[in-house]
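Counting begins at 1 with the first residue of the sequence. Because the structure is a prediction, the values reported are computed rather than measured.
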Amino acid sequence: MKINVIGAGAMGSLFGGLLRECGNDVTLVDVNKAHIDAINEKGLNLTTASGSRHIKVNAKLSTDVNDKPDLILLFTKTLYSVDALESAKHFIDENTYIMTLQNGLGNVEVIEKYVPKEKIIVGMTNFPSDLEGPGSVTSLGKGIVVAMSANGKQNPMLQNVEEQFNKAGLNCTISEDVFVHIWEKVAFNAALNTLTAVTRLRIGDMSSTKQGYDLAFEIVKEVVSVANKCGIKANLEEVNKNIEMAFREHGDHMPSMMQDMIAKRQTEIEFINGAVIRQAEAVGMDVPVTRVLYSLIKTIQQRYNSQVM
């Protein structure tokens with residue numbers, strides 16, 4: 001299968017590298033020229049539980065891509081999706097499928113402006129991955145992929161994705177309950193990403209305080225309640241279990257939103273807490289804790305240059 005991975009950061013490089021390693025024709029597409037040059041010069045340096053190796057894979061700027069892929073795997077941060085897809089329009093045609101494993105809600109609606117809904121595959125993944133430097137990615141934990149066509153119907157491409165992902169060790173399952181998994185991850189991220197971002201504390205340090213610990217579960221409860229009100233059977237106990245696991249096993253982790261705020265970059269807050277707030281309003285609910293964290297992050301983002309520290 002010919003696959004273009006748009007957004008070849010930590011996650012995009014991990015998936016692209018593993019899919020190339022098992023025989024697919026993969027091109028990593030990114031805006032980071034140092035990363036692209038390093039991959040083209042030495043291969044992608046990928047470290048997983050099975051060891052470190054250099055994987056020979058094409059890496060290009062979007063403007064240098066000409067071939068039409070069977071599948072586009074979209075891994076940019078959600079706030080950059082439109083710009084990324086606009087830059088990719090010249091290699092999207094009537095046969096192209098686009099798959100999103102991005103964080104947050106609303107990704108299908110963005111992609112639907114570029115390909116019809118029946119050509120969109122939506123999913124969730126919880127694989128860990130870190131970009132160690134140009135051309136170098138590390139992923140030492142386990143993960144899964146859950147996916148489904150955005151229109152809820154099976155098709156040959158979906159089956160091909162499942163086969164190739166599993167061949168690559170990406171533990172892919174096709175499930176009609178994909179939006180349950182997506183909402184549960186949104187609840188997880190709405191809690192841990194925002195709390196670590198605002199406090200500038202790693203997961204373990206934040207959760208070691210009673211206030212941080214309790215706030216995480218308050219946010220999860222709010223988000224799952226909205227999902228349930230919208231007809232999505234997200235499971236509160238399942239998300240709470242994942243939060244407890246993160247507190248226990250990922251104490252040193254710095255979530256991406258925290259890293260963005262430390263670097264004074266825009267975050268994905270609109271597609272996580274912001275999206276939950278909009279869904280809550282649509283069904284007549286309030287999510288006060290989720291809203292406060294959203295407002296704090298939006299305030300800080302707008303005044304990065306005025307921060308004292």
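- In terms of modelled atom types and a separation under 3.5 Å, the side chain of Glu268 and the main chain of Thr78 share a donor-acceptor contact.
- Of all non-hydrogen atoms in Val276 and Val186, the two that sit nearest each other are CG2-CG1, 3.6 Å.
- If you take OH on Tyr80 and OG on Ser87, they are separated by 13.5 Å, rounding to the nearest 0.5 Å.
- Between Lys77 and Asp260, at least one side-chain nitrogen of the basic residue sits less than 4.0 Å from a carboxylate oxygen of the acidic one, meeting the salt-bridge criterion.
- A salt bridge does not link Lys221 with Glu218: none of the charged nitrogens is closer than 4.0 Å to a carboxylate oxygen.
- Between Ser208 and Asp205, the shortest heavy-atom distance links the atoms OG-O, 2.7 Å.
- Of the inter-residue distances, the one linking Ile72 atom CD1 with Leu85 atom CG reads 7.0 Å to the nearest 0.5 angstrom.
- Ion pairing between a basic and an acidic side chain is recognised when a charged N comes within 4.0 Å of a carboxylate O; Asp252 and Arg202 show no such pairing.
- Taking each heavy atom of Leu236 and Val224 in turn, the nearest pair found is N-CG1, 3.9 Å.
- Between the side chain of Asn171 and the backbone N or O of Gly143, at least one donor-acceptor pair lies under 3.5 Å.
- Here OH of Tyr97 is found 7.0 Å from OG of Ser149. Values are rounded to the nearest 0.5 Å.
- How far CG of Asn40 is from CG of Leu28: 9.0 Å, rounded to the nearest 0.5 Å.
- A salt bridge is defined here as a Lys NZ or Arg NE, NH1 or NH2 lying under 4.0 Å from an Asp or Glu carboxylate O, and Asp286 with Arg291 meets this definition.
- Between Glu270 and Arg278 a salt bridge is recorded (basic side-chain N to carboxylate O distance below 4.0 Å).
- Considering CD1 of Ile219 and CD1 of Ile272, their distance stands at 11.5 Å, rounded to 0.5 Å.
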